[in-house]
Every structure is written in structure tokens, then in C-alpha cells.
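Treat the numbers as computed from the prediction; the structure is a model and nothing was measured. Values reported hereafter were calculated over all heavy atoms of this structure, with side chains retained and with hydrogens, waters and symmetry mates removed.
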Amino acid sequence: QVLLVESGGGLVQAGGSLRLSCAASGSIFSVNAMGWYRQARGKRRELVAAIPSGGSTNYADSVKGRFTISSDNAKNTVYLQMNSLKPEDTAVYYCNARVTNTGWPHVTRDYWGQGTQVTVSS
């Protein structure tokens, strides 16, 4: 089993910054990609940013230039630096990891964190 633990959400004024962290632990053979999704009230969950192992980052158009995703592969941890926050960034942010498990045969599947609330006041 794999556990994702998120931290760093909270309440911030528009124009402010927050940094989210997500650490993966458990039966990990390899982490193939990590990313952040968000779900605002009444809306569908959407991709915010993703960082494949050894690949280029990917961002939603709405956050390009304001958010930066990075990772520490040795710690199986992903970060999301969020700057110039806007009220429309308010949502529950979920960490996602595509993990190949230990054991045999190897199985690759997606895991999700419990979510962390980000609220941006105007």
C-alpha cells in the first residue's frame, strides 16, 4: 500500500503565496509521476500541474506563470509553489502519484492524498 500525506494548505489573501507538499511512502518500487489536482465546490476535479519522472512539467493554463511544481525524487515528495493567488484558486488540492509497487508482479496504479484546503480571500 502507498500513502500520500499532504501539507501546506490554508487561508491567504489574494496576491499571496502558499507552498504545498506531498510525500509518498509505503510499498514503492518506483514513482513514475506526481501531480496536483484541485476541485472547487460544485466543479469537477482538474489537473493543476504534473511532473513525470525524468520528463517535463505540465501546467493548467490558468496557473501558468504563477505556480511551480517541483519534486525531490530521493524523498518521493512533490511541491507546489503557488504565487499571486487569486480567489478563483480556492479549492481542495489533491496530490496524485502514479506508483509501481514492490512485489511481483509489479503493479502500477494511481494513488491520491486526502486533500488540503486552499482558500484565497479577495
Side-chain angles (χ1 to χ4, degrees):
Q1 192 57 276
V2 174
L3 180 65
L4 302 183
V5 178
E6 302 153 341
S7 61
L11 173 64
V12 65
Q13 289 187 330
S17 298
L18 284 174
R19 187 184 192 222
L20 306 183
S21 300
C22 172
S25 63
S27 305
I28 298 172
F29 178 76
S30 65
V31 177
N32 306 308
M34 297 189 80
W36 292 94
Y37 288 71
R38 67 185 181 187
Q39 187 167 17
R41 186 171 298 179
K43 295 187 177 181
R44 299 175 63 180
R45 189 173 298 189
E46 63 176 359
L47 174 69
V48 177
I51 183 166
S53 176
S56 59
T57 55
N58 181 34
Y59 295 93
D61 288 342
S62 59
V63 307
K64 284 180 181 176
R66 300 188 297 122
F67 291 10
T68 302
I69 190 170
S70 61
S71 64
D72 184 336
N73 294 333
K75 296 181 179 179
N76 291 328
T77 298
V78 65
Y79 307 95
L80 185 68
Q81 178 66 43
M82 304 185 292
N83 299 328
S84 302
L85 283 161
K86 304 175 180 180
E88 50 263 43
D89 294 318
T90 295
V92 178
Y93 283 70
Y94 296 91
C95 176
N96 169 271
R98 180 155 294 176
V99 174
T100 299
N101 299 107
T102 58
W104 190 260
H106 293 313
V107 175
T108 299
R109 55 160 287 188
D110 285 338
Y111 291 88
W112 293 90
Q114 78 282 2
T116 185
Q117 178 71 46
V118 171
T119 302
V120 184
S121 63
S122 57

Enquirer: How would you list, by chain and number, every residue that makes a ring-ring contact (aromatic ring centres under 6.0 Å, His included) with Tyr59, sequence neighbours excluded?
Expert: none

Enquirer: Are Lys64 and Asp61 close enough for a salt bridge, meaning some N to O gap below 4.0 Å?
Expert: yes

Enquirer: Do Thr90 and Leu85 come within less than 4.5 Å of each other through their side chains, counting heavy atoms only?
Expert: no

Enquirer: Would you call the rings of Trp112 and Tyr94 parallel, tilted or perpendicular if under 30° counts as parallel and over 60° as perpendicular?
Expert: perpendicular

Enquirer: With distance as the sole test, does Thr77 use its side chain to make a donor-acceptor pair with the main-chain N or O of Lys75 at under 3.5 Å?
Expert: yes

Enquirer: When you compare the side chain of Cys95 with that of Tyr37, does any pair of heavy atoms fall below 4.5 Å?
Expert: no

Enquirer: Listed by chain and number, what are the side-chain contact (heavy atoms from CB on, under 4.5 Å) partners of Ser53, not counting sequence neighbours?
Expert: none

Enquirer: What pairs with Val31 under side-chain contact (heavy atoms from CB on, under 4.5 Å), at least two apart in sequence or on another chain?
Expert: Ile28, Met34, Asn76, Val99

Enquirer: Would Asn83 and Phe67 count as a side chain to side chain contact (heavy atoms under 4.5 Å, CB included) here? Give the steps.
Expert: CA-CA 6 Å; Asn83 299 328; Phe67 291 10; 6.0 Å; no

Enquirer: Would you indicate whether Arg45, at its atom CZ, is surrounded by more than 12 heavy atoms from other residues, nucleotides or ligands within a distance under 6.0 Å?
Expert: yes

Enquirer: Just wondering, do Val48 and Leu80 contact through their side chains at under 4.5 Å, heavy atoms?
Expert: yes

Enquirer: Keeping the roles fixed (side chain from Arg66, backbone from Ser84), state whether a donor-acceptor pair exists under 3.5 Å.
Expert: yes

Enquirer: Do Val78 and Ile51 touch side chain to side chain, with heavy atoms closer than 4.5 Å?
Expert: yes

Enquirer: State whether the number of non-hydrogen atoms from other residues, nucleotides or ligands found under 6.0 Å of Arg44 atom CZ is greater than 12.
Expert: no

Enquirer: Would you check if Asn101 and Arg109 make a side-chain contact, meaning some heavy-atom pair closer than 4.5 Å?
Expert: yes

Enquirer: For Ser25, which residues count as a side-chain contact (heavy atoms from CB on, under 4.5 Å) partner, sequence neighbours excluded?
Expert: Leu3

Enquirer: Could you pull out all residues at least two apart from Lys43 that satisfy side-chain hydrogen bond (donor to acceptor under 3.5 Å, both in side chains)?
Expert: none

Enquirer: Compare all side-chain heavy atoms of Leu20 with those of Gln81 and state whether any distance is below 4.5 angstrom.
Expert: no

Enquirer: Among the clusters formed by ILVMFWY side chains lying less than 4.5 Å apart, do Leu11 and Met82 turn up in the same one?
Expert: no

Enquirer: Evaluate the side chain to side chain donor-acceptor pair (under 3.5 Å) criterion for residues Gln117 and Thr119: first the C-alpha distance (whole Å), next the side-chain angles of each, then the deciding distance (0.1 Å), finally the verdict.
Expert: CA-CA 6 Å; Gln117 178 71 46; Thr119 302; 3.3 Å; yes

Enquirer: How close do Cys22 and Leu4 get, heavy atom to heavy atom, and via which atoms?
Expert: SG-CB, 3.9 Å

Enquirer: Can you tell me if Glu6 uses its side chain to pair, donor with acceptor, with the backbone of Gly115 under 3.5 Å?
Expert: yes

Enquirer: Only counting residues at least two apart or in another chain, list the ones meeting side-chain contact (heavy atoms from CB on, under 4.5 Å) with Ser30.
Expert: Asn32, Thr100

